[in-house]
Number of protein chains: 2
Amino acid sequence: MGKIKLDEIDHQILDMLIDNTRIPFTDIAKKLLISAGTVHVRVKKMEESGIIKGSSLMLDYKKLGYSFIAYVGVYLNNTSQTKFVLERINEIPYVTVAHITTGKFNIFCKIRAKSTEHAKEVIFLLDDIEGVYRTETMISLEESINDKKRLMHSIFKNL
Amino acid sequence: MGKIKLDEIDHQILDMLIDNTRIPFTDIAKKLLISAGTVHVRVKKMEESGIIKGSSLMLDYKKLGYSFIAYVGVYLNNTSQTKFVLERINEIPYVTVAHITTGKFNIFCKIRAKSTEHAKEVIFLLDDIEGVYRTETMISLEESINDKKRLMHSIFKNL
DNA sequence: GGTGAAACTTCTAATAA
DNA sequence: TTATTAGAAGTTTCACC
């Protein structure tokens, strides 16, 4: 699980794919002045090494009817139950990310729901998990996803 | 910005693309017993309507040397500064998401850094923004991204 | 490591139903 | 709206640097 070294070409390939996963390898090849075969081989290597875990669509959840976002902090009766509760939490599809954290909460997660009513149901699901003492919810009024992912990735090169 | 209705075919196309954005349209067509041309037209429509905002790679940030994740709650001197501060926060590449929230914090964001040392620098950048009163950091000891994205999406159908 | 070309597969737009 | 079709475009492999 150590750090893997990529060269400049790999980073540039990643930058382009991060931006648009369906960009043709021939386009990448043209921009980087290498052959399409090379792009193919390098992408395959990054997939095999696990650096590229997969690809996914960025969807407009609001347009799909999911406009409610909240963060929920979870207090447990006992820290030893953390792993068990985390597994139960991950079974709830409306929970998009969950973390074991330092600080006041044992677990901290993000939920995405259809409405406040629906969010209430999801939070009740969390509260009902065995070992959960209580939860604390923070509602998001506005989400801004940092679109500088590509830029951020470029900075990796300076590591 | 209203909700857009998709039919069963659209949802199934989305499910497959969410799983792997580079799956050939011909494969999707075969599985759904429609033509590749139809898949092409439908995907184009979902792109045009904004439901599909784009595509991106899922990378293993640990393998890229970014193993530190934290959530930072931001208190402002004055709520009227929220928009301004949010813009400054979004200029920091290591901030991956930022929210305007209800509750004790005015803004709540997620950061991804190389190390605790690096995270400290990022948090100092946040603290230095004009209008920020103080910050409160919660360190993630373990992140588990809900891999049921596809399942979650399927549930959209029942809306 | 990389290339370039061949063989194969997929995309895409026009046309037809 | 969807299907068919066909030329254009992209992918992938491989013999050879």
Side-chain angles (χ1 to χ4, degrees), chain A residues 2-60 63-65 149-150 153-154 156-159, chain B residues 2-60 63-65 149-150 153-154 156-159:
Chain A
K3 199 173 124 189
I4 294 174
K5 269 280 172 208
L6 302 181
D7 68 9
E8 180 62 26
I9 302 280
D10 291 325
H11 278 285
Q12 291 194 291
I13 292 172
L14 279 186
D15 276 350
M16 285 188 233
L17 287 173
I18 283 168
D19 214 49
N20 169 19
T21 61
R22 289 186 80 96
I23 187 176
F25 288 180
T26 47
D27 285 11
I28 296 175
K30 256 177 250 161
K31 277 185 193 143
L32 302 185
L33 307 174
I34 54 178
S35 74
T38 300
V39 175
H40 179 243
V41 169
R42 279 170 176 265
V43 169
K44 208 168 186 179
K45 270 187 196 160
M46 290 191 280
E47 282 170 350
E48 280 162 4
S49 73
I51 289 240
I52 296 176
K53 290 196 287 186
S55 60
S56 196
L57 291 184
M58 286 150 62
L59 299 177
D60 188 326
K63 288 189 176 151
L64 285 164
K149 271 191 295 182
R150 201 203 58 74
H153 175 257
S154 298
F156 287 145
K157 285 180 284 198
N158 303 321
L159 290 182
Chain B
K3 198 173 122 187
I4 294 174
K5 269 280 174 209
L6 302 182
D7 68 9
E8 180 62 24
I9 302 278
D10 291 325
H11 278 285
Q12 292 194 289
I13 292 172
L14 279 187
D15 275 350
M16 284 189 232
L17 286 174
I18 283 169
D19 215 48
N20 169 19
T21 60
R22 288 186 81 98
I23 187 176
F25 288 0
T26 47
D27 284 11
I28 296 176
K30 254 177 253 161
K31 275 184 194 146
L32 301 185
L33 306 174
I34 55 179
S35 75
T38 301
V39 175
H40 178 241
V41 169
R42 280 169 176 265
V43 169
K44 208 168 186 179
K45 271 186 196 159
M46 291 191 279
E47 282 170 350
E48 280 162 3
S49 72
I51 290 238
I52 296 176
K53 290 195 287 186
S55 61
S56 197
L57 291 185
M58 287 150 60
L59 298 177
D60 188 326
K63 288 188 177 154
L64 285 163
K149 270 193 295 183
R150 200 201 61 71
H153 175 257
S154 298
F156 287 142
K157 286 179 284 198
N158 303 322
L159 292 182

**OP:** Determine whether B:Ile52 and B:Leu14 make a side-chain contact, defined as any pair of heavy atoms from C-beta on separated by less than 4.5 Å.
**Re:** yes
Subject >> Minimum heavy-atom distance B:Ala36-B:Ala29, with the two atoms named >> reply: N-CB, 3.5 Å
Subject >> Qualifying residues under side-chain contact (heavy atoms from CB on, under 4.5 Å), relative to A:Ser56, sequence neighbours excluded >> reply: B:Ile18, B:Met58, B:Lys149
Subject >> Interface residues of residues 51-59 of chain B with DNA chain D (non-hydrogen, below 4.0 angstrom) >> reply: none
Original post:
What closest approach, in Å, do A:Lys53 and B:Leu59 show between heavy atoms, and which atom pair accounts for it?
Top reply: CE-O, 3.2 Å
Original post:
Which distance, rounded to the nearest 0.5 Å, do you find between the CD1 of A:Ile51 and the CG of A:Leu6?
Top reply: 4.0 Å
Original post:
Can you list every pair that meets salt bridge (charged side-chain N to carboxylate O under 4.0 Å, His left out) and has a residue in residues 33-43 of chain B, with sequence neighbours left out?
Top reply: B:Asp7-B:Arg42, B:Asp10-B:Arg42
Original post:
How about A:Arg22 and B:Val43: do any of their side-chain heavy atoms sit closer than 4.5 Å?
Top reply: no
**OP:** Check whether any side-chain N or O of B:Ser55 sits under 3.5 Å from a backbone N or O of A:Thr21 as a donor-acceptor pair, and report yes or no.
**Re:** yes
Original post:
Does anyone know the first and last nucleotide of DNA chain C in reach of chain B, 5' to 3', at under 4.0 angstrom to a heavy atom?
Top reply: C:dT10 to C:dA13
**OP:** Could you encode protein contacts along nucleotides 10-17 of chain D as a string, one character per nucleotide from 5' to 3', using B for base contact, S for sugar-phosphate-only contact and - for no contact, with a heavy-atom cut-off of under 4.0 Å?
**Re:** SBBB----
**OP:** Evaluate side chain to side chain contact (heavy atoms under 4.5 Å, CB included) for B:Met16 paired with B:Asn20, printing each intermediate quantity in order.
**Re:** CA-CA 6 Å; B:Met16 284 189 232; B:Asn20 169 19; over 6 Å; no
Subject >> Pairs where residues 26-36 of chain B contributes a residue and the test side-chain hydrogen bond (donor to acceptor under 3.5 Å, both in side chains) is met, not counting sequence neighbours >> reply: B:Ser35-B:Thr38
